[in-house]
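One structure is given here, and the rest of the page talks about it.
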Amino acid sequence: FPVTISQARKAAERATSSLDMALFYRLQDSHWLYQIGLSYNEWGEQIVYPFNSLDGTNRYRYLNLPVMAGYQWTKNKVSLSPMIGLSAGLKLNGKGYYLMPDNGVDIIEAQPYTASGIAQIELAYHLNPFIFHFTPGIRSSIFSPVKSAYTKNHYQALGCQIGIIYRFEGKTN
């Protein structure tokens with residue numbers, strides 16, 4: 001049986017780890033949380049096309065503006081906060097090598113803009129004025145950062161943020 005391009009790509013491409021970094025500003029109104037930030041993330045895959053000796057990694061790098069909302073439950077000094085949101089991204093750089101139907105390889109530029117959905121759940125310990133947090137989450141591309149007649153990739157990333165939040169206490173008169 002002849003192998004289709006999607007079967008060949010599935011056999012030759014593997015998910016790879018990626019780097020994400022973020023800085024957030026958070027506003028809290030009672031139990032409701034609102035968060036906006038600036039983040040850097042990468043999408044991509046490891047490729048090994050043995051029939052044309054291509055071995056490497058495709059990487060697409062974006063600067064993002066994530067906006068999130070959530071709700072916080074607190075007991076003593078521990079809180080649990082599920083959050084959801086969207087992130088709009090601007091391409092910093094990225095192009096990838098992809099298999100074509102003739103077993104050749106085409107270089108495809110990443111899209112200039114991208115969008116992602118974000119869901120996470122934060123577990124935090126409050127020690128005023130600091131909050132120490134552990135936040136597992138998932139990010140999923142809404143649109144394909146890579147588009148051609150033969151390539152439409154959607155990416156998902158599982159990860160965990162670990163950090164310290166400094167909480168400003170405003171004074172009221």
Side-chain angles (χ1 to χ4, degrees), residues 6 9-29 31-48 55-75 77-98 108-127 129-147 151-168:
S6 64
R9 283 191 58 212
K10 190 172 185 168
E13 299 172 7
R14 298 283 180 260
T16 185
S17 60
S18 64
L19 177 66
D20 289 27
M21 295 183 290
L23 185 61
F24 289 104
Y25 175 77
R26 177 183 285 184
L27 178 65
Q28 185 166 356
D29 181 19
H31 293 282
W32 291 99
L33 302 173
Y34 306 97
Q35 191 167 283
I36 189 166
L38 192 60
S39 71
Y40 166 88
N41 83 285
E42 298 176 347
W43 297 116
E45 59 273 324
Q46 180 73 32
I47 57 170
V48 179
D55 185 351
T57 304
N58 293 333
R59 288 271 186 219
Y60 310 103
R61 295 170 176 91
Y62 287 89
L63 184 63
N64 300 284
L65 183 66
V67 178
M68 301 180 70
Y71 191 84
Q72 184 177 80
W73 289 277
T74 304
K75 183 164 178 136
K77 293 185 176 194
V78 177
S79 66
L80 188 66
S81 309
M83 299 183 77
I84 59 168
L86 295 172
S87 180
L90 174 66
K91 179 181 86 170
L92 298 174
N93 66 25
K95 58 184 168 187
Y97 298 89
Y98 290 99
I108 299 173
E109 242 347 274
Q111 297 293 326
Y113 305 102
T114 189
S116 302
I118 307 166
Q120 61 187 38
I121 188 157
E122 176 185 272
L123 178 62
Y125 180 76
H126 300 251
L127 189 62
F130 299 102
I131 302 169
F132 300 91
H133 75 95
F134 173 80
T135 311
I138 185 169
R139 180 173 36 87
S140 182
S141 64
I142 295 172
F143 309 109
S144 174
V146 180
K147 282 190 180 178
T151 305
K152 290 176 183 55
N153 287 357
H154 288 276
Y155 297 97
Q156 293 82 36
L158 295 172
C160 187
Q161 299 172 6
I162 299 171
I164 300 171
I165 299 168
Y166 180 78
R167 184 174 176 169
F168 292 96

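Scanning for side chain to side chain donor-acceptor pair (under 3.5 Å) contacts around Ser140 gives an empty result, with sequence neighbours left out. Remark: Thr57 pairs with Gln46 by the side chain to side chain donor-acceptor pair (under 3.5 Å) rule, at least two apart or across chains. Every residue meeting the side chain to side chain contact (heavy atoms under 4.5 Å, CB included) condition with Ile36, not counting sequence neighbours, appears here in chain and number order: Tyr25, Leu65, Val67. Scanning for salt bridge (Lys or Arg N to Asp or Glu O under 4.0 Å) contacts around Arg167 gives Glu169, with sequence neighbours left out. Taking the side chain to side chain donor-acceptor pair (under 3.5 Å) definition, one finds that His154 meets it with nothing, sequence neighbours left out. Applying the ring-ring contact (aromatic ring centres under 6.0 Å, His included) test to His126 and every residue at least two apart in sequence or in another chain returns nothing. Listed by chain and residue number, Arg139 satisfy the salt bridge (Lys or Arg N to Asp or Glu O under 4.0 Å) test with Asp20 (two or more places apart in sequence, or in another chain). In this structure, the side chain to side chain contact (heavy atoms under 4.5 Å, CB included) partners of Val78, at least two apart in sequence or on a different chain, are Leu123, Tyr125.
Here the side chains of Ile47 and Asn58 are in contact, with some heavy-atom distance below 4.5 Å. Between Leu33 and Met83, the closest side-chain pair of non-hydrogen atoms falls below 4.5 Å.
Annotation: side chain to side chain donor-acceptor pair (under 3.5 Å) contacts involving residues 110-123, sequence neighbours excluded, comprise Arg26-Glu122. For residues 34-43, the set of pairs meeting the salt bridge (Lys or Arg N to Asp or Glu O under 4.0 Å) definition, not counting sequence neighbours, comprises Glu42-Arg59, Glu42-Arg61.
Annotation: the span from Leu23 atom CG to Met21 atom CE amounts to 11.0 Å, rounded to 0.5 Å. Note that OG of Ser144 and OH of Tyr60 are 8.5 Å apart. Values are rounded to the nearest 0.5 Å.
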Which pairs would a plain distance check flag for residues 84-92, meaning a side-chain donor or acceptor within less than 3.5 Å of a matching protein atom at least two apart in sequence or in another chain?
from  : atom 1 : to     : atom 2 : distance (Å)
Lys91 : NZ     : Glu109 : OE1    : 2.8
Lys91 : NZ     : Ala110 : O      : 3.4

Side-chain donor-acceptor pairs of residues 155-166 under 3.5 Å, sequence neighbours excluded:
from   : atom 1 : to     : atom 2 : distance (Å)
Tyr155 : OH     : Glu45  : OE1    : 2.7
Tyr155 : OH     : Tyr98  : OH     : 3.4
Tyr155 : OH     : Asn153 : ND2    : 3.1

Discussion item. What verdict does the side-chain contact (heavy atoms from CB on, under 4.5 Å) test give for Tyr40 and Asn64, after you've listed the backbone C-alpha separation in whole Å, the side-chain angles of each residue and the deciding distance to 0.1 Å?
Written reply: CA-CA 6 Å; Tyr40 166 88; Asn64 300 284; 6.0 Å; no
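Ring pair Trp73/Tyr71: centre-to-centre distance below 6.0 Å.
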